Amino acid sequence: MTTANPESPATPSNFLRDAVAEDVRTRKYGDAQIQTRFPPEPNGYLHIGHAKAICINFGLADEFGGKTNLRFDDTNPEKEEQEYVDAIQHDIRWLGFDWERLCFASDYFPQLYEWALQLIRAGNAYVDDLSADEIRQYRGTLTEPGKDSPYRNRAVEENLDLFVRMKKGEFPDGSRVLRAKIDMASPNLNMRDPVMYRILHATHHRTGDEWCIYPMYDFAHGQSDSIEHVTHSMCSLEFADHQPLYKWYIAQLGIFPSQQIEFDRLSLTYTLLSKRKLLQLVQEKRVNGWDDPRMPTLSGFRRRGFTPEAIRAFVNTAGVSRTNGIVDIEMLEHFQRDDLNHRAARAMAVLHPLKVVIDNYPADQVEYVDVANNPEDPAAGTRQVPFSREIYIEHDDFREVPPPKYYRLSPGKEVRLRNAYFITAQSVVKDAAGNVIEVHCTYDPASRGGNSPDGRKVKSTMHWVSAAHAIAAEIRLYDKLFTRPDPGEVEEGKTFLDNLNPDSLEIVTDAKLEPSLAASKPGDRFQFERVGYFCLDPDSTPDSTPRKLVFNRTLALKDTWARIEKKSGV
RNA sequence: UGGGCGAUCGUUCAAUGGCAGGACAAUGCCCUUUGGAGGCAUUUAUCCAGGUUCGAAUCCUGGUCGCCCAGCCA
């Protein structure tokens with residue numbers, strides 16, 4: 001049962017949907033419903049690329065009234081862990097999907113073993129004593145055929161005896177394998193007597209030490225699909241070459257023929273989606289764990305403040321094909337900004353405070369101005385924000401010598417403090433080094449709320465926080481984890497680690513926030529007006545003393561001024 | 001140099017023999033109590049060469065280019 005709704009109103013056609021629709025139309029499976037599956041290996045955390053596979057598998061089944069199983073492809077005990085099994089389930093639910101059945105390839109080990117015996121009896125599988133190295137040599141190359149193993153024509157009884165003893169644990173790791181007897185001269189290397197079982201005296205996260213032989217992917221996946229009556233087994237492109245083998249096992253065994261269909265993986269600019277490399281980043285502590293907000297994992301995006309709705313909308317819009325391209329990360333960011341723009345509560349926060357003293361404002365006066373919680377959504381209501389004589393504004397919002405097209409505060413210039421008053425800069429106070437540390441202004445009492453009765457206009461509106469009421473927070477500003485659009489592109493002698501962005505995390509420790517933010521809870525998302533979207537990090541302790549608030553920047557707001565500045569070649 | 005898959009705006013996905021369209025990005029203008037958001041407009045594409053057809057991105061032939069495969073990983 002799926003809980004997510006179709007994201008885009010007009011779903012463009014794609015070859016996967018077409019294939020399913022055609023099978024439904026022709027009643028290929030009779031009264032049986034469409035069945036799909038999402039088959040992760042629990043050897044790492046799910047990333048944005050998996051989100052695509054999840055949306056495709058769950059989405060298509062849902063669209064055609066079918067079901068989706070979550071099946072862990074746990075046939076390699078050396079790489080798989082329970083931690084990953086748990087995290088994966090959590091992430092799929094977070095994304096908005098729920099499965100019909102929770103399955104494990106390891107649940108099928110007994111059945112797979114029986115099927116292996118069946119293939120041996122039929123003369124279609126044999127135990128090979130060749131070493132891994134020898135098997136490689138015998139396999140041939142891309143252009144040369146392989147040659148038969150000297151053990152290829154063992155008698156059925158001997159194969160049976162040996163395989164049973166492999167299972168009993170009589171042989172050491174790597175000493176023997178069970179192989180399918182197909183064709184050592186096949187141009188498809190997957191058909192050159194592929195290994196079905198290897199000996200691995202390893203403890204499996206679910207079956208413990210019950211088994212010491214483990215099936216290979218190819219001998220497990222298709223049959224698992226078949227057992228679950230999967231009608232459409234959608235996987236990534238690199239498995240296309242495996243399809244003949246997938247079909248061969250199913251045909252030899254005479255079991256339900258699931259249909260494999262391949263599609264392209266998702267790739268994103270400035271993003272690495274190799275599980276091996278992501279694991280390396282975690283293990284070498286280049287990032288702070290799988291859920292580091294800079295990671296392209298679902299848990300990383302979640303902590304960063306991304307929403308499942310935006311990720312789904314992005315994945316659905318990016319589409320699916322059989323070409324391998326790279327989607328611009330800006331597209332993902334667009335969908336996230338769009339989503340948050342509509343939903344996120346607004347607040348005022350000053351990241352780099354500059355004190356402003358309003359000289360003609362009564363020293364002990366505090367008034368509360370009415371502020372919309374979300375201008376995009378009147379239903380979000382309003383709140384009261386304290387205003388007083390001393391406030392903080394963003395350091396960037398004042399220039400003693402304003403460059404061309406700079407509309408913000410500078411000496412003699414009048415600007416609007418959002419929802420409050422017009423102020424005009426009169427003088428500055430500098431430290432010994434000549435840095436502006438304080439700006440003195442005057443305000444127009446008639447402009448309360450942000451409009452002047454005489455109708456005069458100001459070019460700029462700025463956010464602010466009352467100094468006396470401000471609360472402190474740590475703010476973590478994230479940037480791209482890698483400096484290159486393709487992080488895997490490396491020069492001679494370098495690795496992808498050399499493409500790590502040294503400035504991917506900037507910590508601001510002295511941000512000043514409006515007091516209402518004190519009530520936020522980890523996971524709460526906000527738009528800090530004119531700055532960006534932020535999410536309260538789990539490192540926060542909003543309810544303890546001392547209270548600690550840590551906000552992660554999800555994304556910065558688009559910044560026209562920054563673009564102008566950049567274009568003017570500074 | 002074997003086999004498999006693919007090629008459409010800068011990027012990505014459509015068009016299923018009948019006006020090449022959307023999204024992202026970019027550019028310009030309008031609007032704006034967020035230089036946000038929004039609105040309008042603009043630019044740019046069928047890998048190449050032949051062929052079939054009234055008509056080809058689509059079908060055929062031949063090239064070119066790209067990706068994947070030689071784990072006892074998945």
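Sequence lines set the chain letters: A, B, ... in the order given, protein chains first and strands last, and positions in each chain run from 1. Being a predicted model, the structure only gives us computed values, none of them experimental. Atoms considered below: every heavy atom in the structure, side chains included; atoms not considered: hydrogens, waters and symmetry mates.
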Asker: Using 30° and 60° as the class limits, which term best fits the ring planes of A:W290 and A:Y84: parallel, tilted or perpendicular?
Answerer: perpendicular

Asker: Let me spell it out: for each of A:G450 and A:E144, pick the nucleotide of RNA chain B with the closest heavy atom. Which residue's pick is nearer the 5' end?
Answerer: A:E144

Asker: Less than 3.5 Å between a donor and an acceptor, one on the side chain of A:D241 and one on the base of B:G3, is that the case here?
Answerer: yes

Asker: Could you tell me how far B:C30 sits from B:A37 if I compare only their C1' atoms? Round to whole Å.
Answerer: 14 Å

Asker: Can you tell which of A:Y197, A:Y108, A:Y113 makes a side-chain contact (heavy atoms from CB on, under 4.5 Å) with A:P215?
Answerer: A:Y197

Asker: Taking any heavy-atom pair under 4.0 Å as a contact, classify A:S131: base, sugar-phosphate, or nothing.
Answerer: base

Asker: Name the residue from A:F263, A:Y246, A:Y217 that meets the ring pair (Phe, Tyr, Trp, His ring centres under 6.0 Å) definition with A:F239.
Answerer: A:Y217

Asker: Between B:A45 and B:G38, how far apart are the P atoms? Round to whole Å, please.
Answerer: 27 Å

Asker: If we call it a pair only when both distances are under 3.5 Å in a Watson-Crick or G-U wobble match, what pairs with B:C54?
Answerer: B:G18

Asker: What does B:U64 pair with, Watson-Crick or G-U, if both distances are under 3.5 Å?
Answerer: B:A7

Asker: Decide yes or no, distance alone: a donor-acceptor N/O pair under 3.5 angstrom between the base of B:U12 and the side-chain of A:S321.
Answerer: no

Asker: For a quick check, tell me whether the side chain of A:R408 and the base of B:G35 share a donor-acceptor pair closer than 3.5 Å.
Answerer: yes

Asker: Let's test your reading of the model: under 3.5 Å, does the base of B:G4 pair with the side chain of A:E238 as donor and acceptor?
Answerer: no

Asker: Of A:S447 and A:Y533, whose closest RNA chain B nucleotide lies nearer the 5' terminus?
Answerer: A:S447

Asker: Taking any strand in view, what nucleotide pairs with B:U27 in a Watson-Crick or G-U wobble way, both distances under 3.5 Å?
Answerer: B:A41

Asker: Describe, in one word, how the ring planes of A:F219 and A:Y249 are oriented to each other, choosing from parallel (under 30°), tilted (30 to 60°) and perpendicular (over 60°).
Answerer: perpendicular

